[in-house]
Number of protein chains: 2
Amino acid sequence: MATRDKLLEAAAVALAEDGVAGVSARTVAARAEVNQALVFYHFGTVDELLEAAVRRSVDRAVATYRDRLADVTSLADLLTLGRDLHRTERERGNVAQMAQVMAGARRSPALASAGRYAMDRWSAEVESAVVRVLPGTLLAGLVDPRGLAQAVAAGFIGLELYDGVDPGAAAGALGSLDAIGAMVAAFDALPPMAVRAVRSRARKAVARAAAAQGDAR
Amino acid sequence: MATRDKLLEAAAVALAEDGVAGVSARTVAARAEVNQALVFYHFGTVDELLEAAVRRSVDRAVATYRDRLADVTSLADLLTLGRDLHRTERERGNVAQMAQVMAGARRSPALASAGRYAMDRWSAEVESAVVRVLPGTLLAGLVDPRGLAQAVAAGFIGLELYDGVDPGAAAGALGSLDAIGAMVAAFDALPPMAVRAVRSRARKAVARAAAAQGDAR
DNA sequence: GTCTATACAGAGATAGAC
DNA sequence: GTCTATCTCTGTATAGAC
């Protein structure tokens, strides 16, 4: 394996395991079993190494899900795939890498850029499936697919950090989100006419609530 | 103002503005305009100072919302309050502080403890309102209040970090969550019988889906 | 491309005077 | 409680030999 790749790999692992505050040119180089100076030769700065590492992780991960996301035809499908995606990406440390660069974004433009890139890639990919699936659901016309995909991505990041300080609580949070997803998906199983009726009621009530709030201001 | 307080205050601001990677005994002491050695005299280590600072921020913030959360009687109320809470706590930097200690949890037990404490305080407080409000809604019997409160807290953390790398996207994500909340709340406006009918349909469909998934395994 | 050596800044932390 | 001084370590980064 080339030195460059060894560094990228080591940086990704270090980021996931020790967090952004725990990585340095020395520690990453030690992990990669290469000389410390090579970090600067190949990447210029430590932050740029981290950025490159996260971009690579994200590109790889997104590619492995592209086909499966393309096969999704219903919200229930999407939720099943989502659960799987969440579990594997967490286990691989990819979610942790994203959370860590985002946390470090305040002090480093390179990390901010990596975080933006990662969130963008994932939410664009998820959005493409949401766009196909949403029209048949209760949420059609109420939420926009892009925002929903972004919310899911943000939720994963929050859950990742929560898991790091309180795994039990994070599991409880995930369970609730799962239940809500299942409820929304459940409406797909009803006759289309019933779905339309419920959806239209919901939309009217939302409009009423919005109008009432407008009056209050 | 006593030195101890100046340090706590400076640490909270530094954490929110520069992130956990950007704080040091020296930078915090400079911000507080006190001597660097006093960090160690008063708090032992930098991490313990950060922990104390976050605990104080959380205790204060939770106290300012206690009464208002106690007044909540409907999901619509709770969502309105939630929006306000989210905005002000973000502006005060309290959400950023929480996100940063959680990101630093991997390398420091003190920060992990601070993160756990913060999430616990907030979700317990929110849970007390959710418990009262949930029975009247579509989600009654489907999601447990504690898990839902924890999910909301985790969501805030994720959105905070997202906002740091892509404010527009974070706003889009928040908008979608808002719409979903509004939809669920909208059912409160329907006649109780209709709510019960929809809820029971949803619950049966969820049970069916769960059974189907059980069969598939 | 890779290594050794090294400069230099900033970090955490302690000792001891006041 | 506070300040000065200082030790030691770790971090980034570069120069130059190979």
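So you know, we letter chains A, B, ... as the sequences are listed, proteins then strands, and number each from 1.
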Atom pair distance, as rounded to whole Å: CG in A/L49 and C1' in D/dG11: 15 Å
N/O donor-acceptor pair, side chain B/R26 with base C/dG10, under 3.5 angstrom: no
From C/dA13, D/dT12, D/dG1, pick the nucleotide closest to the side chain of A/A25? D/dT12
Euclidean distance, atom CZ of residue A/F43 to atom P of C/dT2 [Å, nearest integer]: 11 Å
Looking only at side-chain atoms of A/T45, point me to the closest of D/dA13, D/dG11, C/dG1. D/dA13
Of B/L134, B/D144, B/V133, the residue whose pairing with B/L139 passes side chain to side chain contact (heavy atoms under 4.5 Å, CB included): B/L134
Euclidean distance, atom CZ of residue B/R107 to atom C1' of C/dA11 [Å, nearest integer]: 11 Å
Are OP1 or OP2 of C/dG10 and a side-chain N or O of B/S24 less than 4.0 angstrom apart? no
Tell me: CG of A/L7 to P of D/dT12, nearest whole Å? 13 Å
Value in whole Å for how far the C1' atom of D/dG11 lies from CG of A/D18: 15 Å
Under a 3.5 Å threshold, yes or no: a donor from one side chain and an acceptor from the other, between A/R55 and A/S113? yes
Quick check for you: among C/dG12, D/dA13, C/dT2, whose closest atom lies nearest to any side-chain atom of A/F40? D/dA13
Output yes when A/D71 and A/R68 qualify as a salt bridge under the 4.0 Å nitrogen-oxygen rule, no when they do not. no
Categorize A/V39 for me: base, sugar-phosphate, or nothing, with a 4.0 angstrom heavy-atom threshold over every strand shown. nothing
Between C/dA15, C/dT4, D/dG1, which nucleotide has the shortest distance from any of its atoms to the side chain of B/Y41? D/dG1
How close or far is atom C1' of D/dT2 from atom CD of B/E33, stated in whole angstroms? 16 Å
A/R90 and A/E160 ion-paired at < 4.0 Å: yes
Taking for B/Q36 and for B/T3 the nucleotide of DNA chain D with the nearest heavy atom, the one nearer the 5' end belongs to B/T3
Within the 4.5 Å heavy-atom criterion, are A/Y65 and A/E125 side-chain neighbours or not? no
Quick one: bend of the helix from C/dG1-D/dC18 to C/dC18-D/dG1 from 5 pairs per end, to 10°? 0°
Report yes if the side chains of A/L8 and A/F43 come closer than 4.5 Å at any heavy-atom pair, otherwise no. yes
Among the nucleotides C/dC3, C/dA11, C/dT14, whichever has the atom closest to the side chain of A/L38 is C/dC3
Specify the separation, in whole Å, of atom CG of A/D5 and atom C1' of C/dG1. 14 Å
Ion pair present between B/K6 and B/E9, side-chain N to carboxylate O less than 4.0 angstrom? no
Rounded distance (Å) that lies between atom C1' of D/dA13 and atom NE2 of A/H42: 16 Å
